[in-house]
Amino acid sequence: KVICFFLCSLCIISCSKNLDFSQIEDYIASPIYTSSLTYFIVTPSSFIDAASGNEIDLPADVSDFRVFENEFIRKNLVKAVFNVEIKNELDREVFLQFNFLDDANNPVYQFEQINITANTLNFTYQETVAVSSNENILNATRVSVKINLSPSATPLEPSDTSEFEFKSSVILFIETN
């Protein structure tokens, strides 16, 4: 009985502090979402016209990117960090143009041209876009990646198995009140 009385007394007269439920009003949720954007591999034969054997430019690789159509993301996105990883086994420098397009295929945001020297196996590039200073990015619905090879006196060999590998992703930083 004494132990029971002691435990009950301890619970009743223990120290307590008033809870401040208004603290939740100052809380800002900051989720981070990561998503892949585009991925492709091309070989030297991709740059050679099968009929003529002449080098050609590749058309841009265009992919849907509908993330910004989500109203929650449109209202709360603070910044987006775009990451690019490239493996260039080709013996040519590659020029890459990365654009974000709207539904009418108009550019709403574009990176500066990225130059990848020949035989670069671990090239990385990162670009941070602050939405407050680049609100047009929210109109992007497609991603366009265009690659061109540097001119060379040495023609490409169709049987060459070297590769140009492109990977990209985006990290979205959200803040909600």
Side-chain angles (χ1 to χ4, degrees), residues 27-48 55-152 156 158 160-177:
Y27 177 74
I28 296 176
S30 301
I32 298 171
Y33 300 101
T34 303
S35 175
S36 64
L37 286 177
T38 57
Y39 174 81
F40 59 83
I41 295 176
V42 293
T43 60
S45 62
S46 303
F47 295 95
I48 300 172
E55 286 187 27
I56 57 171
D57 288 332
L58 295 180
D61 179 73
V62 179
S63 305
D64 277 347
F65 180 67
R66 303 275 178 192
V67 173
F68 297 143
E69 290 180 344
N70 181 295
E71 192 61 31
F72 174 78
I73 291 175
R74 288 183 69 81
K75 286 176 44 179
N76 298 297
L77 183 65
V78 175
K79 70 178 177 179
V81 177
F82 298 96
N83 296 296
V84 173
E85 293 180 14
I86 295 172
K87 178 178 74 172
N88 181 14
E89 296 176 342
L90 306 176
D91 59 2
R92 299 259 193 103
E93 183 175 21
V94 175
F95 309 113
L96 184 134
Q97 188 60 54
F98 198 93
N99 294 312
F100 290 88
L101 309 172
D102 62 14
D103 279 329
N105 287 327
N106 297 314
V108 293
Y109 186 85
Q110 64 185 29
F111 294 177
E112 292 294 320
Q113 179 175 290
I114 302 170
N115 301 333
I116 305 97
T117 57
N119 298 303
T120 301
L121 302 181
N122 289 312
F123 181 87
T124 58
Y125 177 83
Q126 186 175 77
E127 184 154 338
T128 300
V129 179
V131 175
S132 62
S133 57
N134 296 289
E135 289 183 8
N136 271 350
I137 190 83
L138 296 174
N139 297 322
T141 58
R142 293 182 180 90
V143 176
S144 168
V145 181
K146 173 83 171 133
I147 59 174
N148 292 312
L149 297 178
S150 64
S152 175
L156 292 172
D160 186 355
T161 60
S162 59
E163 297 177 334
F164 179 86
E165 181 179 23
F166 179 86
K167 301 179 203 177
S168 62
S169 65
V170 61
I171 304 170
L172 304 174
F173 293 83
I174 310 288
E175 283 190 4
T176 62
N177 294 332

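Residue numbers start at 1 and run along the sequence shown.
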Where do [X] and [Y] come nearest, in terms of heavy atoms and distance?
X: Phe95; Y: Ser150; result: CE1-CA, 3.6 Å
X: Ala80; Y: Val170; result: CB-CG2, 4.1 Å
X: Ser144; Y: Ala60; result: OG-CB, 3.5 Å
X: Phe68; Y: Ile137; result: CD1-O, 3.1 Å

Checklist entry - Which of these, Val81, Asn76, Thr128, sits in a side chain to side chain contact (heavy atoms under 4.5 Å, CB included) with Phe173? => result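 Running side chain to side chain contact (heavy atoms under 4.5 Å, CB included) over Val81, Asn76, Thr128 with Phe173 returns exactly one hit, Val81.
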
Item to check | Qualifying residue, where the test is side chain to side chain contact (heavy atoms under 4.5 Å, CB included) with Tyr109 and the options are Asn99, Leu101, Asn134, Asp102 | outcome: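 Only one option passes, and that is Asn134.
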
Drop me the distance from [X]'s [atom1] to [Y]'s [atom2], to the nearest 0.5 angstrom.
X: Phe40; Y: Ser63; atom1: CZ; atom2: OG; value: 8.5 Å
X: Lys75; Y: Ile73; atom1: NZ; atom2: CD1; value: 12.5 Å
X: Phe98; Y: Lys146; atom1: CZ; atom2: NZ; value: 15.0 Å
X: Ile147; Y: Asp57; atom1: CD1; atom2: CG; value: 10.0 Å
X: Glu69; Y: Arg74; atom1: CD; atom2: CZ; value: 8.5 Å
X: Leu172; Y: Leu77; atom1: CG; atom2: CG; value: 5.5 Å

If we ignore hydrogens and angles and just use 3.5 Å, is the side chain of [X] paired with the main-chain N or O of [Y] as donor and acceptor?
X: Glu89; Y: Asn119; value: no
X: Thr141; Y: Asp103; value: yes
X: Gln97; Y: Phe111; value: yes
X: Asn88; Y: Leu90; value: yes

Next on the checklist: Test salt bridge (charged side-chain N to carboxylate O under 4.0 Å, His left out) on Arg92 and Glu55; report intermediate values, then the result.
Outcome noted: CA-CA 13 Å; Arg92 299 259 193 103; Glu55 286 187 27; 2.6 Å; yes

Item to check | Asp64 atom CG, neighbour heavy-atom count above 12 within 6.0 Å | outcome: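 Enclosed.
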
Checklist entry - Is it true that the side chains of Gln113 and Asn115 contain a donor and an acceptor less than 3.5 Å apart? => result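 Indeed, the side chains of Gln113 and Asn115 share at least one donor-acceptor pair under 3.5 Å.
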
Item to check | Any donor-acceptor N or O pair under 3.5 Å, side chains Ser168, Thr38 | outcome: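 Present: a donor and an acceptor within the cut-off.
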
Checklist entry - Does the ring center of Phe47 lie less than 6.0 Å from the ring center of Phe164? => result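 No - the distance between ring centres of Phe47 and Phe164 does not fall below the 6.0 Å cut-off.
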
Next on the checklist: Quick check on the 6.0 Å ring-centre criterion: do Phe82 and Tyr125 meet it?
Outcome noted: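 Not under 6.0 Å, so no.
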
Checklist entry - Salt bridge or not for Arg142 and Asp61, using N-O below 4.0 Å? => result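 No, this pair does not count.
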
